[in-house]
*Asks:* 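The structure under discussion is supplied below as structure tokens; questions concerning it will follow.
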There are 2 protein chains.
Amino acid sequence: MGITSHDVARLAGVSQPTVSRALRDDPRVSQATREKVKRAAQALNYVPSEAGRTLSTRATRRVGVIVTDLTNPFYPHVIAPLHDELSSLGYRMMLITERSDEAVAEEKLLDQSMDGVVLATATTDSRLPAQLERRGMPYVFLNRDTGRAGDFASVVDNEGGGRLVARELVALGHRRIAGVFGAANTTTGREREMGFRLALAEAGVGLPEGRVVRGAFEYDTGYRALPALLEADEAPTAVFCGNDVVAIGVLNAALAAGVKVPDDLTVIGFDDLPMASWEVFRLTTVRHDLRELSRQAARLLVRRIAKDVDPAGERLVLPTEFVPRATHARAH
Amino acid sequence: MGITSHDVARLAGVSQPTVSRALRDDPRVSQATREKVKRAAQALNYVPSEAGRTLSTRATRRVGVIVTDLTNPFYPHVIAPLHDELSSLGYRMMLITERSDEAVAEEKLLDQSMDGVVLATATTDSRLPAQLERRGMPYVFLNRDTGRAGDFASVVDNEGGGRLVARELVALGHRRIAGVFGAANTTTGREREMGFRLALAEAGVGLPEGRVVRGAFEYDTGYRALPALLEADEAPTAVFCGNDVVAIGVLNAALAAGVKVPDDLTVIGFDDLPMASWEVFRLTTVRHDLRELSRQAARLLVRRIAKDVDPAGERLVLPTEFVPRATHARAH
DNA sequence: TCGGTTTGTGAATACGTATGTATTCCATGA
DNA sequence: TCATGGAATACATACGTATTCACAAACCGA
């Protein structure tokens with residue numbers, strides 16, 4: 001059934017190693033032989049077996065990408081450019097969406113079926129990085145990392161982004177401010193909250209725990225958080241959300257509750273997904289270059305696979321920018 | 001670096017084949033030996049090499065999934081359940097997003113690096129299926145197919161869904177009806193349009209080409225179509241959209257143009273993505289079971305790989321259901 | 001013309017697992 | 001006591017490619 005390099009060799013009247021070399025444009029084979037071999041390969045529709053090559057070279061040209069929930073609108077915008085960049089670097093992408101770290105690590109990541117791994121949904125308490133480290137499997141963090149030194153990571157200046165938002169809200173006169181932050185075991189959640197808090201504190205504005213919600217970076221987190229925040233004695237005049245998806249949950253909840261945005265409530269997101277600029281939202285948010293974030297992660301991983309990397313770790317940080325649209329206003 | 005079954009064999013004091021059999025729970029190895037081997041494997045943190053296994057068994061336990069644009073909100077809802085079902089069937093997923101069919105086929109699909117392929121974005125003029133067929137690579141269509149006999153496909157009753165919408169619109173008194181359909185080279189586009197047209201014709205309602213737009217199943221298609229439709233002499237009172245993503249484009253365009261939905265315009269989608277029920281949209285649409293659609297495709301592919309399938313082709317069709325929400329109203 | 005170099009190719013082998021076949025060991029029964 | 005059969009394990013090999021090493025031929029300068 002399958003056509004092998006031996007079949008090509010027979011047809012071309014050469015040995016199998018010569019076929020291997022000719023098709024890989026090894027300069028040691030003569031022009032004439034090379035062409036003869038290529039014609040034979042063409043005639044037989046020969047495609048080298050990836051398994052044979054992998055076994056021989058010990059490289060799979062395959063990279064795993066780990067994500068928890070693909071249906072979250074955030075991840076496709078990471079995965080698409082990641083795929084394209086990996087592809088142009090000669091790697092293929094294995095998508096792994098998994099709930100539990102442990103199961104993933106044992107079977108799927110350590111069987112030498114990929115050359116490296118991109119962790120797009122790492123939590124600070126995950127044991128996965130340590131397992132990968134122990135087995136010598138190259139990996140990089142994308143968007144989130146562990147926050148520890150020595151990481152290889154492509155991330156955003158989350159703290160700076162949080163600061164930007166705090167300053168804007170203060171400048172708009174907001175004093176009763178709420179936060180719907182990401183989960184506490186994610187660096188994206190923690191750092192955005194941290195930057196936001198620090199800049200608020202500098203301006204002398206408090207952020208009591210009663211006006212803080214933390215949860216997964218999901219639509220439902222925002223959708224359920226708003227009613228809770230509105231029940232407080234003094235409802236907030238502004239909400240900073242952990243990311244755009246959460247903010248969109250808040251916007252929908254506001255519509256359901258009859259709360260006018262931005263007249264009654266200012267809502268700010270983070271990420272600037274394409275969706276944020278849809279007419280129905282016109283979400284004021286914090287932009288960073290999601291494409292470049294992903295590409296950078298791909299290139300970093302490939303460099304790490306090639307061991308062309310600073311052994312002390314590399315942390316590539318992209319800047320953020322405030323994007324005013326239509327969900328913010330002066331405090332009333 | 002890598003630990004092999006030979007290392008385990010040495011430690012356990014048995015031969016390599018015995019290790020292979022013991023770990024795979026082959027009944028021919030004794031209980032005592034099995035345990036001895038498993039302890040040794042455990043002690044060494046042995047994980048069988050996937051490449052070696054593949055070469056030996058000629059099966060990769062890997063499946064490719066081909067999609068054009070992952071950032072389209074539709075696809076994650078297909079890919080996530082597909083991944084999970086494949087995973088529970090013991091297969092891993094390689095994600096391939098590609099523009100041109102040709103490049104994909106040559107290198108990536110035919111190198112025996114996967115056991116089968118799911119085509120999620122096939123067009124009726126694609127040459128890819130024929131290439132896969134010729135090389136004996138098992139494949140199934142998901143959502144879209146070629147429309148030809150002999151396909152293996154998991155699809156939706158698109159024509160029936162189109163009919164449902166037409167009947168509802170007619171019953172609501174609409175006569176000036178528009179359609180923003182999917183691309184003409186997709187069966188999803190064609191069949192939905194066909195069903196819609198047929199049921200309209202049965203009711204004596206026309207659908208002139210001036211009120212028809214066709215394009216990719218994307219946000220922009222809907223967003224750009226609406227202004228064009230509104231410029232016509234008599235603006236339509238209702239628009240049936242090829243899918244929810246297109247419908248959401250139309251809804252946003254309506255908001256931008258100051259067109260009130262549903263008072264001035266009825267908008268109907270197709271798919272019932274989670275997004276369709278968001279407060280900002282409350283989109284009236286046609287539901288089908290997207291999870292089951294994907295799972296069914298996974299199971300069909302695995303059966304085809306196992307050659308446990310009707311050689312004449314199998315076409316699994318899921319039913320549709322009209323979901324009334326807030327974007328439809330009686331014609332004025 | 002000859003030793004030495006370069007060039008091109010083939011033979012042998014490694015990679016890690018699974019499997020078909022051979023072998024060993026032991027128990028059983030006549 | 002020895003043949004027989006079954007259980008458990010070892011041996012040999014296949015899978016397809018890439019690479020190391022050896023070898024032959026061609027080429028070069030002295």
*Asks:* Provide, to the nearest angstrom, the distance between the CG atom belonging to Asp26(B) and the P atom belonging to dA10(D).
*Replies:* 14 Å
*Asks:* Less than 4.0 Å between a side-chain N and a carboxylate O, is that true for Arg62(A) and Glu50(A)?
*Replies:* yes
*Asks:* Treating primed atoms plus P, OP1 and OP2 as sugar-phosphate and everything else as base, which nucleotides of nucleotides 12-17 of chain D get B, S or - for protein heavy atoms under 4.0 Å?
*Replies:* B--BBB
*Asks:* Less than 4.0 Å between a side-chain N and a carboxylate O, is that true for Arg299(B) and Glu292(B)?
*Replies:* yes
*Asks:* Any carboxylate oxygen within less than 4.0 angstrom of a Lys/Arg side-chain nitrogen, looking at Asp289(B) and Arg291(B)?
*Replies:* no
*Asks:* Check this for me: Gln112(B), atom CD, are more than 12 non-hydrogen atoms of other residues, nucleotides or ligands nearer than 6.0 Å?
*Replies:* no
*Asks:* May I ask you to say what Val14(B) touches in the nucleic acid, namely base, sugar-phosphate or nothing, with a heavy-atom cut-off under 4.0 Å?
*Replies:* sugar-phosphate
*Asks:* May I ask you to establish whether Arg304(A) and Tyr139(A) are in a cation-pi arrangement, using a distance under 6.0 Å from NZ or CZ to the six-membered ring centre and at most 45° from the ring axis?
*Replies:* yes
*Asks:* Is it the case that dG10(C) (base atoms only) and Arg21(A) (side chain only) share a donor and an acceptor within less than 3.5 Å, ignoring hydrogens and angles?
*Replies:* yes
*Asks:* Would you say the side chain of Val156(B) lies within less than 4.5 Å of the side chain of Val317(B), judging by non-hydrogen atoms?
*Replies:* no
*Asks:* Step by step, would you call Glu133(A) with Arg127(A) a salt bridge (charged side-chain N to carboxylate O under 4.0 Å, His left out)?
*Replies:* CA-CA 10 Å; Glu133(A) 197 74 62; Arg127(A) 286 166 36 191; over 6 Å; no
*Asks:* Five pairs at each end of the helix from dT1(C)-dA30(D) to dA30(C)-dT1(D): take the axis at both ends and give me the angle between them to 10°.
*Replies:* 60°
*Asks:* Which ones in residues 29-40 of chain A lie close to DNA chain C, meaning a heavy atom under 4.0 Å from one of its atoms?
*Replies:* Val29(A), Ser30(A), Thr33(A)
*Asks:* Please state how far atom CZ in Arg28(A) lies from atom P in dG10(C), giving the value in whole angstrom units.
*Replies:* 13 Å
*Asks:* State the CZ-CZ distance between Arg34(B) and Arg39(B), to the nearest 0.5 angstrom.
*Replies:* 12.5 Å
*Asks:* When you look at Gln296(B) and Ser154(B), which way does the side chain to side chain donor-acceptor pair (under 3.5 Å) test go after all the steps?
*Replies:* CA-CA 6 Å; Gln296(B) 203 168 250; Ser154(B) 173; 3.0 Å; yes
*Asks:* Would you call Lys38(B) and Asp25(B) a salt bridge, using N to O less than 4.0 angstrom?
*Replies:* yes
